[in-house]
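Working notes for the structure below.
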Amino acid sequence: MAVVIPGLRNEIAEALASACEKTFGVVPARLLLEMPPKVELGDLATPVAFELAKLLKRPPRKIAEELAPAIVKPASVRE
C-alpha cells in the first residue's frame, strides 16, 4: 500500500467535489475518503456515489459510472 502524501486527501476531495458539481450540479454534504477494505482496491475509497444516490434518487453504480470520468486527478495521483 502506498503512503498518502500530506495534503493529497484535500486535493482529491476538491477534485471529487468539483466533478460532482460539474456532472450533477450538487456537492454532497460529506465527502468521505477512507482506506478500502482490500489493498487491491487502491489506497483511498469514497462512498460519494451512495451519498449522491440519496440526493439524486438514482442507482449508485450509474452515478459512479458518470462521475469517474469527470474527476480530474491531482498531478501526484497515479493509476
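Below, each value reflects all heavy atoms present in this structure, side chains not excepted, and no hydrogens, waters or symmetry copies. We're numbering straight along the sequence, starting at 1.
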Begin from the C-alpha positions of C20 and V26 and carry the test side-chain contact (heavy atoms from CB on, under 4.5 Å) through to its verdict.
CA-CA 6 Å; C20 288; V26 296; 5.7 Å; no
Carefully, step by step, assess R9 and I12 under the rule side-chain contact (heavy atoms from CB on, under 4.5 Å).
CA-CA 5 Å; R9 281 181 182 260; I12 293 171; 5.8 Å; no
What verdict does the side-chain contact (heavy atoms from CB on, under 4.5 Å) test give for M35 and L44, after you've listed the backbone C-alpha separation in whole Å, the side-chain angles of each residue and the deciding distance to 0.1 Å?
CA-CA 5 Å; M35 303 296 281; L44 291 173; 4.3 Å; yes
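T46 places a side-chain N or O within donor-acceptor distance of the main-chain N or O of L32, the cut-off being under 3.5 Å. Under a 3.5 Å cut-off, the side chain of S18 and the backbone N or O of E14 do not form any donor-acceptor pair.
Shown here for L41 and P36, the closest heavy-atom pair between the two residues is CB-CB, 3.8 Å.
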Name the atoms and distances for all side-chain donor-acceptor pairs under 3.5 Å in residues 49-71, with sequence neighbours left out.
residue	atom	partner	partner atom	Å
E51	OE2	R30	NH2	3.4
K57	NZ	K54	O	3.1
R58	NH2	E66	OE2	2.2

